[in-house]
Amino acid sequence: MRIELEKRPKVSLLYAFLSPVIALCLTIVAGAIMFVFLGKDPGLALYSFFIEPLTEVWSLHELAIKAAPLILIAVGLSICYRSNNWNIGAEGQFIMGAVTGSIVPVVFHEWHSALVLPLMLVMGMIGGALYAGIPAFLKARMNTNEILTSLMLVYVAQLFLDWLVRGPWRDPGGFNFPVTRAFAPEAILPEMLASGRANYGFAFAILAALAIWFMMRFTLKGFEITVLGQSERAGRFAGFSSRRMIWFSMLLSGAFAGLAGISEVSGAIGKLQPVISPGYGFTAIIVAFLGRLNPLAIIVAGLVLGLTYLGGEAAQISLGLSDKVVRVFQGLLLFFVLSCDTLIQYRIRIVWRRVTGQVTGQVTEGAH
Amino acid sequence: MKKLILALVATTAAIGFAASASAQEKAKICFVYVGSKSDGGWTQAHDIGRQELEKTLGDKIETQFLENVPEGPDAERAIERLSRSGCGLIYTTSFGFMDATVKVAAKFPKVMYEHATGYKTAPNVATYNSRFYEGRYIQGQIAAKISEKGVAGYIASFPIPEVVMGIDAFLIGARSINPDFKIKVVWANTWFDPGKEADAAKALIDQGVDVLTQHTDTTAPMQVAAERGIKAFGQASDMIAAGPKTQLTAIKDTWGAYYIKRTQAFLDGKWATTSSWDGLKDGILTMAPYTNMPDDVKAMAEATQAKIESGELKPFTGPLKKQDGSVWLKEGETAEDGVLLGLNFYVDGVDDKLPQ
Amino acid sequence: MGIIEAILLTVITAATPLVIAAAGELVTERSGVLNLGVEGMMIIGAVCAFAATQATGSPYIGILAGILSGTLFSLLFGFLTLTLVANQVATGLALTILGLGLSGQIGEPYAGQSGIKLPQIVFPVLSDIPVIGRLLFQQDLIFYLSIALIAGIHWFLFRSRAGLKLRSVGDSHTSAHALGINVIRTRYLAVMFGGACAGLAGAQLSLVYTPQWVENMSAGRGWIALALVVFASWRPWRIVAGGYLFGAVSISQLYAQGNGFNVPSQLLSALPYLATIVVLVLISQNRRMTMINTPASLGKPFVPDR
């Protein structure tokens, strides 16, 4: 038996909608089997994962908090990936955005003004963009692979933040613990509604997704990104410069990651500390692909992935499931989504070979 | 129809009553962990404490925990979720959970919180910590007796007061035996990376230290010390399995004693906020058996431990000089807890510059 | 043992897993497949090697388990990216996430156990040579394997017919297909080889480097291995140079600290990453060299026309 792919004449709209549904169903089935093996009630486990976090208002707010940075970063990354610029260092840009934006409330903490917050947000975007500018410069001018440079810069950013909060920016009144002084009230990103903690970071994420969707759909820039992404040569014939696109996409995604960083710090944390992100920059890569690099779908993808984190906690409490099971479950979801996406562009045929003695070295899924 | 509604209301009320009744029978005690409960270090020590608590008070309480909770907004959510799910007393076991604990506590005045290693309290938030440095002092004395070269290696994690306090206490202990004793410090910048910790251990041993202590959480340095045939001290838990012929003793974090004490107070309705900083005498830390050392050293260690437990000996007692040579504590003067909790300087004799 | 010799010994232990994992990834990438899941395969290899060693008492069975588990895990990646042509970057990242979760689950009962260290194999006579003897001829099996791997891969890629085929698949899968080479099968084998090497590298972590199981014990080494491949501009022997250089930078900062060297430790910890960036830039300046060695269809999916 082997599997053959046949390219569809055009992208299947039906499967574009169906594939995530199929993937979700497969994940649920696989998850249920896994839970049975672990001796847990699969119905209750799945309920904890996908339904329980949605049944309470406070929990919805928490979902928005968790999804906001993922969506914001992923939307920026989608532009990079569509134009074949493989920025995987959004985590670093997130951190540097947070650091740059925090200059105002940490260093100039005696300055009180309504301008503080807007200035912080703008500086956060600039910080993230500048940090993404390093791999952009190295790629555009030095021809250096951006996957690795952007990744290496993540570690550098983490260590830089660590140094700042343990050294020069340490809170003088904080018993020497590695945190900066708490931001003043006017430096805090306000909450959107009275019913919970969700702050305007979520609004930024949605606005960014809508803006990028509009750009991709209705502007020449969007067309340029699509063309250059599909074929650099075709883009050149159309008069587009791939080098300028490197700058554009990297700076844009860096700015978004930076905005996510400063929103997280000013909205949800309220100060700088050695670790400000549980890997948002990396998880956002997954979100970008779950959303198939489509800004609107990325909103959904960000919410779904955020839900699995919240659901994971709910399952830990209600069933005593280990946190590792949660991560395995997330991994399964990703694999099913990625494999089901094949259906959109290809028809899958399973070829049963009658000829005996033909072992083709293909594998079947399901063992893992 | 009316009957049906009435019946429904009655049932709901009954269920609600039953739920609250069972909640009264067994109090829910909850824990928030920063790491995995089987990490072999910090979090595992807390989880062992939780298990002891369950064993001792199991007929009156049940416990729940969330592991691998990142510090930041996730911590706030985790604590809020536990607060909403009926926990009566919540232990948050990492310094980075401090602000999250205080924030959530303000929203749930009926839930009690205990935050480990922090300094912010509220009517329903207490803090607790352990005087690890008492163990370090004993270790320093043992090291000074055991070491032939008079140099110990110290694998440090991050320059927070807790770790600096440990280094200072170790050296003060060592110098009480051998006034020329030295320590070399390597900052690994991690709590938890066996490879890096092993490399740090090798670096220190290659540079001539002949006794090793660590303030990182894996047993990798112990394994390296065993391989190279020098002696070492364990951290957080008894690491004797990793070095049966190597471990001199270890500082064991035995939080169970504290958890039982405070949970009992909670059950008796006597819980009140406090900033407790327990030591060897309270059992919040214990020394693993003194092994692989001559009997006289063992006797000395036990004597010192007894003196610390009785309060006769306080490790941070003058005369002590700071690293820059200025006087810190005059003869007979002891350091205040407030100063120790924010300690950011070395005492005289540490062969390292404190990262600032 | 002199201090230099001691440092070199530490460097070798630290560099060996990087070299092995990078060697495997090099072959994968030479076939035109970019597998970012090295970290995930490595950690799976580490936990399976440790578990098998604890179960059987033989670290050699542990090594086999590490290799086998890494290979199996890479098949998951192969199935998605080769058979179902899913995006390689996303699948690789997903593989890492799954690997970290799964290894934690498998390893839970083994946390805190003391492992069995892979014994040294001492070559008589040769090991008596001053300095070199201790460094090169008194090591464990995995170290010898790492050197043999590099030599073998060099020979395979540039001297053998099969290697020529593999490179042609990586350079242009369409032409290779036209020449009658089975692109998908070649790539499957290359991905599996990469998985096997990552698994072996993981086994080195839990059997040699630090004989124990600790969650997330690979601590980013899989990512460094990926950087090494580019650093080496896809040439096997340069991986050895790069790996040892990287090891030396990260080790020497620990030695420098022990000597009371006053620089923020964060800067020292960042040095290896900064050094990698600098070297990447320097190497990519030599456009001719990179063009010759870079697999032209790296990361591009292939679907045979029918």
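Chain letters run A, B, ... following the sequence lines, proteins first and then strands; every chain starts at 1. No hydrogens, no waters, no symmetry mates; every other heavy atom, side chains included, goes into these values.
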Indicate every side-chain donor-acceptor pair of residues 105-112 of chain C with a distance under 3.5 Å to a residue at least two apart or in another chain.
from   : atom 1 : to     : atom 2 : distance (Å)
C/E108 : OE2    : A/K324 : NZ     : 3.3
C/E108 : OE2    : B/K37  : NZ     : 3.2

In terms of heavy-atom pairs under 4.5 Å with chain A, which of C/A227, C/A90, C/A86 leads?
-> C/A90
Hey, could you give me the CD1/CD distance between C/I97 and A/Q330, rounded to the nearest 0.5 Å?
-> 7.0 Å
CG/C/L80 to CG/A/L338 distance, rounded to the nearest 0.5 angstrom?
-> 6.0 Å
What part of A/I286 gets closer than 4.5 Å to chain C, counting heavy atoms only: side chain, backbone, both or neither?
-> side chain
State the CG-CH2 distance between C/L34 and A/W86, to the nearest 0.5 angstrom.
-> 9.0 Å
Hey, are the side chains of C/L274 and A/V156 touching, using non-hydrogen atoms and a 4.5 Å cut-off?
-> yes
Whatever's closer than 4.5 Å to a heavy atom in chain C on A/D341 counts as neither
Using non-hydrogen atoms only, which part of A/S322 is less than 4.5 Å away from chain C: side chain, backbone, both, or neither?
-> side chain
Step by step, work out the side chain to side chain contact (heavy atoms under 4.5 Å, CB included) result for A/L138 and C/I277.
-> CA-CA 9 Å; A/L138 294 179; C/I277 295 176; 3.9 Å; yes
Atom group of A/I147 that falls short of 4.5 Å from chain C, counting heavy atoms = side chain
Distance (rounded to the nearest 0.5 Å) between C/L84 CG and A/S339 OG | 6.0 Å
Assert top hit (heavy-atom pairs under 4.5 Å, partner chain C, pool A/V325, A/L290, A/L333) equals A/V325
Is it the backbone or the side chain of A/L164 that comes under 4.5 Å from a heavy atom of chain C, or both, or neither?
-> neither
So CG of C/L95 and CZ of A/F335: to nearest 0.5 Å the spacing works out to 4.5 Å
Between C/L100 and chain A, which part of the residue has a heavy atom less than 4.5 Å away: side chain, backbone, both or neither?
-> both
One should read off an interatomic distance between A/L159 CG and C/Y273 OH, to the nearest 0.5 angstrom, of 7.0 Å
Name the member of C/N87, C/L36, C/L93 that forms the most heavy-atom pairs with chain A at distances under 4.5 Å.
-> C/N87
Between C/L267 and chain A, which part of the residue has a heavy atom less than 4.5 Å away: side chain, backbone, both or neither?
-> neither
